[in-house]
There are 2 protein chains.
Amino acid sequence: MARKKSPEDSSSSAVSTSGRLPMREFSRSLPMSLLRAREAVMRQFRPSLRNQGLTEQQWRILRALTAVEAIEVTELARMAFLLGPSLSRILRDLEARKLVERKAAEADQRRAVVSISAEGLKLIAAVAPTSEAIYAEITRRFGARRLSELQEMLSALEQDLAGMEGVDGDDG
Amino acid sequence: MARKKSPEDSSSSAVSTSGRLPMREFSRSLPMSLLRAREAVMRQFRPSLRNQGLTEQQWRILRALTAVEAIEVTELARMAFLLGPSLSRILRDLEARKLVERKAAEADQRRAVVSISAEGLKLIAAVAPTSEAIYAEITRRFGARRLSELQEMLSALEQDLAGMEGVDGDDG
DNA sequence: CGAAGATGTTTAACATGTTAAGTGTTTCCG
DNA sequence: CGGAAACACTTAACATGTTAAACATCTTCG
């Protein structure tokens with residue numbers, strides 16, 4: 001919407017007017033495709049989460065905590081797919097909001113054990129219905145079977161790239 | 001050594017010890033799958049970009065600029081899939097580094113027109129070979145055909161969700 | 001013409017991503 | 001036993017994501 005401008009309508013962007021490099025298909029690169037798809041999905045959920053004062057990552061953490069009785073920070077980071085520093089900050093805030101509780105592990109004072117609080121559970125319960133409804137609608141639109149196939153491919157991609165670490169060209 | 005710990009399933013996690021809520025298996029939600037897949041891909045590219053002092057987003061912008069002679073900021077944001085504020089900041093930096101040039105549009109002083117500089121092109125040329133090699137290796141591992149299929153599905157997902165804006169439950 | 005509204009871009013404010021360094025604990029091993 | 005190394009976080013510093021608001025310019029329409 002609202003895309004009118006000068007008289008000389010250029011319709012669609014990018015016609016590589018200079019043929020400088022053969023790097024075609026930028027908009028169809030795999031990272032861009034994944035980014036756009038994910039954004040299309042998350043766009044559906046964000047408003048609802050925001051209504052409850054939750055960011056996407058905070059939601060991921062609380063969501064992960066509902067699946068366990070208690071869990072160490074590092075393990076939680078793996079589960080919620082967050083880096084340590086991000087998780088550290090978010091836990092500090094969630095703890096201040098009394099949505100999670102933290103205590104030191106008995107056997108190892110380095111480790112912290114986190115669990116969701118009663119309040120946290122209430123918040124989850126408030127968001128879950130809308131969240132599930134959105135997910136159901138997405139599934140309906142895209143098709144359950146197709147969705148499974150997509151997840152399979154994504155998982156396979158992840159696996160195929162798991163051990164690939166050394167293509168680092170010497171362009172430094 | 002300390003191989004960078006990539007959050008994969010530790011196989012020990014999460015057995016819903018409390019049966020609190022019937023929520024979908026968290027680690028297999030669509031947003032998480034997309035996030036992990038994208039991260040697996042980007043992990044391959046980041047080191048090379050970093051060697052050239054470029055972030056992923058800066059690279060996206062320069063990459064998009066090589067495809068056009070010049071382009072307005074809003075259109076560039078659409079192409080590189082960045083939000084206005086992010087693009088604004090990045091352009092300020094790239095301009096300071098003389099990798100891009102900016103001028104006001106003649107017909108409309110509100111609009112700014114951006115283009116890549118000669119230096120910017122050199123930088124692109126320095127990164128491109130490694131980047132292409134990595135992409136080729138990813139394609140080889142996953143399979144060209146499979147990769148096309150995946151892109152198709154991602155594109156379709158994006159399309160299917162395009163007009164879905166109003167599932168907003170009243171959980172506020 | 002001129003004030004109200006629309007539009008393109010930037011700034012602000014807060015939250016997270018990302019890498020490196022710092023702080024306590026614990027483990028290893030001479 | 002004790003110091004170096006490993007480990008589990010946490011802080012720090014910079015870059016981007018995200019939303020709202022500010023700015024400047026342009027367009028509408030009375």
Side-chain angles (χ1 to χ4, degrees), chain A residues 1-7 31 35-36 38-39 42-43 45-51 53-61 71-78 80-97 102-114, chain B residues 1-7 10 31 35-36 38-39 42-43 45-51 53-61 71-78 80-97 100 102-114:
Chain A
M1 18 97 90
R3 56 179 274 83
K4 269 313 82 175
K5 35 183 186 177
S6 310
L35 179 58
R36 283 203 298 246
R38 182 174 144 77
E39 179 53 29
M42 284 314 303
R43 197 190 332 270
F45 291 97
R46 257 189 285 269
S48 164
L49 292 179
R50 188 168 179 72
N51 278 349
L54 287 178
T55 65
E56 176 195 337
Q57 293 81 359
Q58 292 168 346
W59 167 251
R60 287 221 299 274
I61 292 173
I71 187 174
E72 289 175 11
V73 173
T74 299
E75 185 71 11
L76 179 56
R78 185 156 35 220
F81 207 71
L82 291 170
L83 293 179
S86 294
L87 180 54
S88 197
R89 279 176 307 212
I90 300 173
L91 282 179
R92 168 163 43 75
D93 298 344
L94 291 180
E95 193 177 14
R97 288 166 66 181
R102 176 159 31 175
K103 61 173 184 176
E106 299 172 14
D108 188 337
Q109 293 297 0
R110 290 173 304 184
R111 300 164 191 267
V113 175
V114 184
Chain B
M1 291 275 285
R3 173 175 248 30
K4 203 151 291 187
K5 70 177 70 168
S6 59
S10 64
L35 179 59
R36 284 203 298 244
R38 182 175 144 78
E39 179 53 30
M42 283 314 303
R43 196 186 339 267
F45 291 98
R46 254 188 286 268
S48 164
L49 293 179
R50 189 169 177 72
N51 278 350
L54 287 177
T55 66
E56 176 195 335
Q57 293 81 358
Q58 292 167 347
W59 167 252
R60 286 222 300 275
I61 292 173
I71 187 175
E72 289 175 10
V73 172
T74 299
E75 185 72 11
L76 178 57
R78 184 158 34 220
F81 206 70
L82 291 170
L83 294 179
S86 294
L87 180 55
S88 197
R89 281 177 304 212
I90 300 172
L91 282 180
R92 169 162 44 74
D93 298 344
L94 291 180
E95 193 176 14
R97 288 166 67 181
V100 307
R102 180 161 25 179
K103 61 173 185 177
E106 299 173 13
D108 188 337
Q109 292 296 32
R110 292 172 303 183
R111 301 163 190 267
V113 175
V114 185

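Labels below follow one simple rule: chain letters A, B, ... track the order of the sequence lines, proteins then strands, and each chain is numbered from 1.
R110(B) contributes a side-chain N or O that forms a donor-acceptor pair with the base of dT7(C) under 3.5 Å.
Rounded to whole Å, atom P of dA15(C) lies 11 Å from atom CG of L94(A). Straight-line distance from the CZ atom of R89(B) to the P atom of dC14(C): 14 Å, rounded to whole Å. Here the C1' atom of nucleotide dC9(D) and the CG atom of L82(A) are 15 Å apart, to the nearest Å. Between the CD atom of Q109(B) and the P atom of dT25(D) there is a distance of 8 Å, rounded to whole Å.
S86(B) comes within contact range of at least one nucleobase, with a heavy-atom separation under 4.0 Å.
In this structure, D93(A) CG and Q58(A) CD are separated by 6.5 Å, a value rounded to the nearest 0.5 Å.
For R111(B), whose side chain is taken as the heavy atoms from C-beta onward, the closest listed nucleotide among dT9(C), dT16(C), dT16(D) is dT9(C). For D93(B), whose side chain is taken as the heavy atoms from C-beta onward, the closest listed nucleotide among dT16(D), dT9(C), dT16(C) is dT16(D). Here the nucleotide nearest the side chain of L83(A), chosen from dT25(C), dT19(C), dT16(D), is dT19(C).
For the pair P85(A) and R92(B), both in contact range of DNA chain C, the more 5′-proximal nearest nucleotide belongs to R92(B). For the pair A107(A) and R60(A), nearest-nucleotide mapping onto DNA chain C gives the more 5' position to R60(A).
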